Asker: 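Below you will find the structure I want to go over with you.
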2 protein chains.
Amino acid sequence: MSISFADNRSAPTSSHSSAEAGRQRAGHLWSSLADVCNLLQIAPGSAAADRDIVFQHVQFKAGQRIFTIGQPFDMLYIVNSGFLKTVLLDDAGNEQVLGFPMKGDLLGTDGIHQKKYASEAVALSSCDIVMVPFKMLTSLSRRYPEMEMALYSAISRELVREQIMLNMLGSLSAEARVARFLMSLSERFSAMGYSGKEFNLRMTRQDIGSYLGLTLETVSRTMSAFDRLGYIGVDGRAVILKEAQTLRTLRRLPPSKAKAKKVIVEPSDIEMADKELAA
Amino acid sequence: MSISFADNRSAPTSSHSSAEAGRQRAGHLWSSLADVCNLLQIAPGSAAADRDIVFQHVQFKAGQRIFTIGQPFDMLYIVNSGFLKTVLLDDAGNEQVLGFPMKGDLLGTDGIHQKKYASEAVALSSCDIVMVPFKMLTSLSRRYPEMEMALYSAISRELVREQIMLNMLGSLSAEARVARFLMSLSERFSAMGYSGKEFNLRMTRQDIGSYLGLTLETVSRTMSAFDRLGYIGVDGRAVILKEAQTLRTLRRLPPSKAKAKKVIVEPSDIEMADKELAA
DNA sequence: CGTTCCCTTGAAATATTTCAATTATAGTGG
DNA sequence: CCACTATAATTGAAATATTTCAAGGGAACG
């Protein structure tokens with residue numbers, strides 16, 4: 001039996017639907033510059049007025065690749081709807097998951113450096129993607145300073161996101177990684193207008209494990225443990241968050257056999273007083 | 001030990017004391033735009049002719065911070081000489097090392113997004129740093145298209161570097177991480193004209209461990225093991241690489257009891273990720 | 001309706017950390 | 001310049017987190 005609730009694949013409750021941002025034309029969707037700014041959460045500034053420039057959309061089905069490693073770079077992609085993963089491939093062809101882009105995320109920036117994409121993006125569901133020629137973006141940058149900053153800002157944000165992942169992989173336990181992963185998804189769903197409390201995972205345990213530097217078994221066991229402790233409800237890919245605050249600050253699990261149901265948390269929100277803990 | 005370049009070492013302060021983000025007094029060195037392009041390994045194009053623009057240098061001593069987390073962003077920094085580490089700080093004030101920048105590396109790009117630096121850079125030795133106002137760079141971008149691409153490219157490269165680190169942390173054993181770390185340093189030293197075979201580590205075992213997601217003891221033990229196996233020579237911070245090819249492709253150590261000196265290596269390809277492992 | 005992929009769970013193997021003790025090394029100030 | 005103190009590095013032994021191996025059940029899909 002499965003937990004069932006509204007699928008976050010359906011339209012968000014938000015009043016602001018950018019699905020209508022796209023213009024139907026010749027069977028394809030197109031977005032204006034204003035639409036794109038909106039999607040990226042940029043103040044469009046004077047660029048919004050530019051009605052001449054439109055960007056084409058492309059649809060992908062689950063499993064399809066938006067771009068692949070080594071492919072010549074000339075295009076950036078913005079997710080309009082759907083869920084994806086970005087991956088690196090090692091010599092044996094094994095995937096290393098780098099991230100799970102969704103609505104509003106910018107893809108392909110790692111291709112700028114070598115003029116070839118350094119990673120590949122795979123659709124995990126049906127996806128609607130806006131294609132933005134990089135040349136176009138740089139020429140727009142010259143015309144509209146807001147666009148220039150937006151582009152730098154978007155790339156810089158990606159950089160910061162990866163730094164945070166490095167920190168996570170370098171210093172947190174398996175449980176803490178899984179907990180933060182769930183909270184991160186929750187927050188992103190919320191920001192998109194979906195429920196941050198109940199959602200479906202779009203990726204396999206394998207994908208999550210790769211992303212978090214863990215085996216799929218460890219991910220599965222950890223989620224089961226969270227379920228047993230009442231922090232979440234899990235049934236396959238359906239997740240219900242029950243103790244968000246606990247998950248947010250969790251460092252490791254409480255001793256299973258022993259006494260307390262108490263959890264070790266960070267001294268974060270309170271203050272940063274004692275440092276005798278610090279090595 | 002025979003080491004190919006100058007001394008170093010004054011104890012890198014273990015975190016805190018970020019109070020005075022040590023911007024020493026202004027140095028007396030200045031660089032032209034052509035100098036900067038040269039440092040960054042950019043084809044200067046027509047920009048080289050611009051003799052009006054000069055960039056100021058600043059000197060830092062070991063332990064001083066070039067910029068700190070949360071500090072308002074307005075400047076990028078290019079390393080002209082010296083060695084640094086970039087770090088993230090968690091709630092308890094513990095450092096997470098993100099990279100070890102050296103000559104030619106661009107610092108501070110993670111500040112673009114939030115207009116505040118997201119990490120901090122700490123000098124591990126005496127350093128000479130070129131200051132480049134971000135505004136200046138973007139205005140130059142408008143004038144010289146080469147500069148624009150150079151900037152995007154530099155940030156994109158950083159992104160790729162971090163992706164490779166994520167892959168490493170997510171999938172390699174402790175031994176493989178240390179081996180690749182050493183090879184990466186070696187290649188960077190070589191590229192700078194120093195010996196890639198004999199060099200001094202500028203950072204502590206703690207720093208290396210943090211960077212690689214390992215404890216300092218594991219780093220120490222692993223290097224000792226490499227030494228015992230004849231792959232390297234280690235004496236404190238002095239390192240001599242003896243079996244570069246072995247280190248480059250090492251996956252895990254050969255069984256200690258057993259006879260074999262043979263090492264398990266990757267099935268195919270040997271380069272790709274090794275190229276730019278570290279900052 | 002079968003085939004394939006995905007998820008869960010246990011038990012054993014093992015890699016890495018933790019704790020602890022000892023020896024180096026560098027910086028400080030008499 | 002040397003002694004002194006603090007920080008850094010090494011190493012062993014024990015503790016433990018995570019992976020590996022293995023098997024069974026479930027969901028998805030053509």
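Residue numbering restarts at 1 for every chain, and letters A, B, ... go by the order of the sequence lines. The structure presented is a predicted model; accordingly, all values stated were derived computationally and were not measured.
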Asker: Aromatic contact between A:Phe83 and A:Phe100, with the criterion being ring centroids under 6.0 Å apart: yes or no?
Answerer: no
Asker: Can you sort out the partners of B:Arg205 under salt bridge (Lys or Arg N to Asp or Glu O under 4.0 Å), two or more places apart, ordered by chain and number?
Answerer: none
Asker: Let me know the distance between CZ of B:Arg202 and P of D:dA8, rounded to the nearest Å.
Answerer: 16 Å
Asker: How would nucleotides 8-17 of chain C be written as a contact map, 5' to 3', with B for base contact, S for sugar-phosphate-only contact and - for no contact, using protein heavy atoms under 4.0 Å?
Answerer: BBBB----SB
Asker: Check the distance between C:dT25's P and B:Asn200's CG and give it to me in whole angstrom.
Answerer: 12 Å
Asker: Not counting sequence neighbours, which residues clear side-chain contact (heavy atoms from CB on, under 4.5 Å) with B:Ser210? List them please.
Answerer: B:Gln96, B:Val97
Asker: In whole Å, I'd like the distance from the CG atom of A:Leu201 to the C1' atom of C:dC7.
Answerer: 12 Å
Asker: Given the side-chain rings of A:Tyr194 and A:Phe199, with only the six-membered ring counted for Trp, is the space between their centroids under 6.0 Å?
Answerer: no
Asker: Rounding to an integer number of Å, can you tell me how far A:Leu124 CG sits from C:dC6 P?
Answerer: 11 Å
Asker: Send over the distance from B:Asp207 CG to D:dT7 P, rounded to a whole Å.
Answerer: 15 Å
Asker: By ring-ring contact (aromatic ring centres under 6.0 Å, His included), which residues pair with A:Phe67, not counting sequence neighbours?
Answerer: A:Tyr77, A:Tyr117
Asker: Angle between the end axes of the helix from C:dC1-D:dG30 to C:dG30-D:dC1, five pairs per end, to the nearest 10 degrees?
Answerer: 60°
Asker: Give a yes/no on whether any side-chain N or O of A:Arg237 is located under 4.0 angstrom from OP1 or OP2 of C:dC7.
Answerer: yes
Asker: Could you tell me whether the side chain of A:Arg177 and the main chain of A:Leu172 form a donor-acceptor pair under 3.5 Å?
Answerer: yes
Asker: Do the side chain of B:Glu187 and the main chain of B:Ser184 share a donor and acceptor less than 3.5 angstrom apart?
Answerer: no
Asker: For B:Gln206 and D:dT7, what is the distance between atoms CD and P respectively, to the nearest whole Å?
Answerer: 13 Å
Asker: Just to verify, what does A:Asp128 make a salt bridge (Lys or Arg N to Asp or Glu O under 4.0 Å) with, not counting sequence neighbours?
Answerer: none
